[in-house]
Amino acid sequence: MNRPLAIEMCGVVKSYKGIRVLDGIELAVKSGSVFALLGPNGAGKTTLVRILATLSTADAGSVRVAGLDVVRNRRQVRQLVSLTGQFAAVDEPLTGDENLRMVGRLAGLSSTEASTRASQLLGEFDLVDAGARRVSTYSGGMRRKLDLAASLVVQPSVLFLDEPTTGLDPRSRQQMYAVVRALVAEGVTVFLTTQYLEEADQLADQIALIDAGRIVAQGAPAELKSRVADQVLSLTMRSAGALADAVAVLGSRASPMPGLCVEVATDGSARDVRALLDTVDPGGLGLEAFTIRSATLDDVFLALTGRASAPALEEALHV
Amino acid sequence: MSEETLIAPIGVLAFRHASVLAGRCARISSRNLDAVIMSVMLPVMLLLMFVYLFGGALNTGGRYLTYVIPGVLLLCAGFGAATTAVTVSQDMTSGIMDRLRSMNVSAPAFLSGHVAASVARNAMATVCVSAVAVAIGFRTSSGAAQLLLAIGVLAAYVVAISWLAAAAGLLAKTPESANGFTFLFMFLPYASSAFVPISTMPTWMQGFARNQPVTPLVETMRGLLVGTPVGNAPVRGALWCVGLLIVSVAGSGVLFRRRTR
């Protein structure tokens, strides 16, 4: 028998107060893989994860996790999955150790087993020294680590991580990646949401792009990139006038960049690049320099949704 | 229903969850030192205030200390239970709720954890108030059986209004408004026979005072501790407790489902 898909969503619709947050979601995630749901703020990522983790119910459509219907077999599904949400689900007045032991006891471990498991997890997550301290004294990164540790007191077969690295410093982020990779090596299916294209690219076997409640693209990172263009031709113009001319002649293919730059997709062949250069700068006076780079997921997002993702825009504005 | 086959284990599970969560609530309460001091100091201050400040001016046909003890104990139960509304509401507005729900913790298990912690908090306050009462001269000729019954009556009231407070905690959108809800039943003992005889109240008030839950409970406890006649107070008191409990448990089930949509 084939292993069932870890996650299947068909025609999932969810509205809040008349607003469609999810609008016909179709998803399939293979067991033992990492799946990244990538999208800007407000795209419906959290709602989708909460439905998968049985904390919310869809208005229409079917949702199966580990082969079980999340509505009809809710209790069984809950025994197989774990969710680490955006807001740490830990008790602040209790210590890290007490939090983990409580979760262990709720999961059915004896108090000895729960304490053994708690110390083990504190060790794995680099929280041994903090274990005896109240969570209210923890930094944001420590809280998220403790929260994730709490989700792993009993190893789930599917782990949901809702924006696991938002607000983490680079070191904690790398630790989080290492944890995800180790879990996958043990056969856990990881479903994560993220606003960071690089994160999805680094971790995921499959990526789905979500925008305004719809999946706008789905596939392996390499596959998604190939659906747009392998390469990007980045042009630096000599003057604002030359830039305006270049943008005008490229039309919708142009992606304006900060400074006197504009980018355009290419297949990377000499013929295509030469043709593009001739189109943009027929007189040979307007172009200062050009480079060719591999497409990133930012480019994918732009090409598939017709607009830049929220974090990419934010970055462009700040830099 | 596909869940029918799981009913027996679910019962066991709920009990286990409730006991773990009762420990959690008790621990969290005990870490809030200000609240611990308040929950003991306030009833003791009230006892001293009633006995030494108001007591001299009140004629209840005997020693006022003896008259007021059941009322102060019930009043302090109200304060203790009120905390439940706030703690339930705090949990509902925090991320911990997701964790509990995804671990199959049921609404009754979650709320009975809070109620059990409330009973523990009240037990502590009751012991302190009783100790102070004995220290300032309260004596009872009741036997062990009557004392146990009196504790039972108090416990029944604490459980009933703690469940009511838990339901209020689910109804409130924020912990602050949950605190507001509790005003109602904290005020109830004042409009009962707890502190002054009902016959001294205005006529329009007497009907309410006679027929609200605290009066029959105060009368029952007074009977058990001091030996005054109780009439049908024990039956009415028991009906109130059972009624409040049924309404609160059923109501909190509905509210919990609505809040966790």
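All values below come from the heavy atoms of this structure, side chains included, with hydrogens, waters and symmetry mates left out. Residue numbers begin at 1 in each chain, while the letters A, B, ... track the order of the sequences.
Both the backbone and the side chain of A:Val103 come within contact range of chain B, each with at least one heavy atom under 4.5 Å from a heavy atom of that chain. Heavy atoms closer than 4.5 Å to chain B are found in the side chain of A:Glu98, but not in its backbone. In this structure, no portion of A:Ser82 lies under 4.5 Å from any heavy atom of chain B.
At a threshold of 4.0 Å, the pair A:Asp91-B:Arg31 does not count as salt-bridged, since none of the basic side-chain nitrogens sits closer than that to a carboxylate oxygen. For the pair A:Asp147 and B:Arg99, the salt-bridge criterion is met [side-chain N within less than 4.0 Å of a carboxylate O].
When each of A:Thr54, A:Asn99, A:Leu94 is checked for heavy-atom pairs under 4.5 Å with chain B, A:Leu94 comes out on top. Ranked by heavy-atom pairs under 4.5 Å with chain A, the list B:Gly23, B:Ser102, B:Ser19 is led by B:Ser102.
Here the closest heavy-atom approach between residue B:Val20 and residue A:Met102 is recorded as CG1-CG, 3.8 Å. The minimum heavy-atom distance linking A:Ala200 with A:Leu38 is given by the pair CB-CD2, 4.4 Å. In terms of heavy atoms, B:Ser248 sits closest to B:Leu164 at OG-CA, 3.3 Å.
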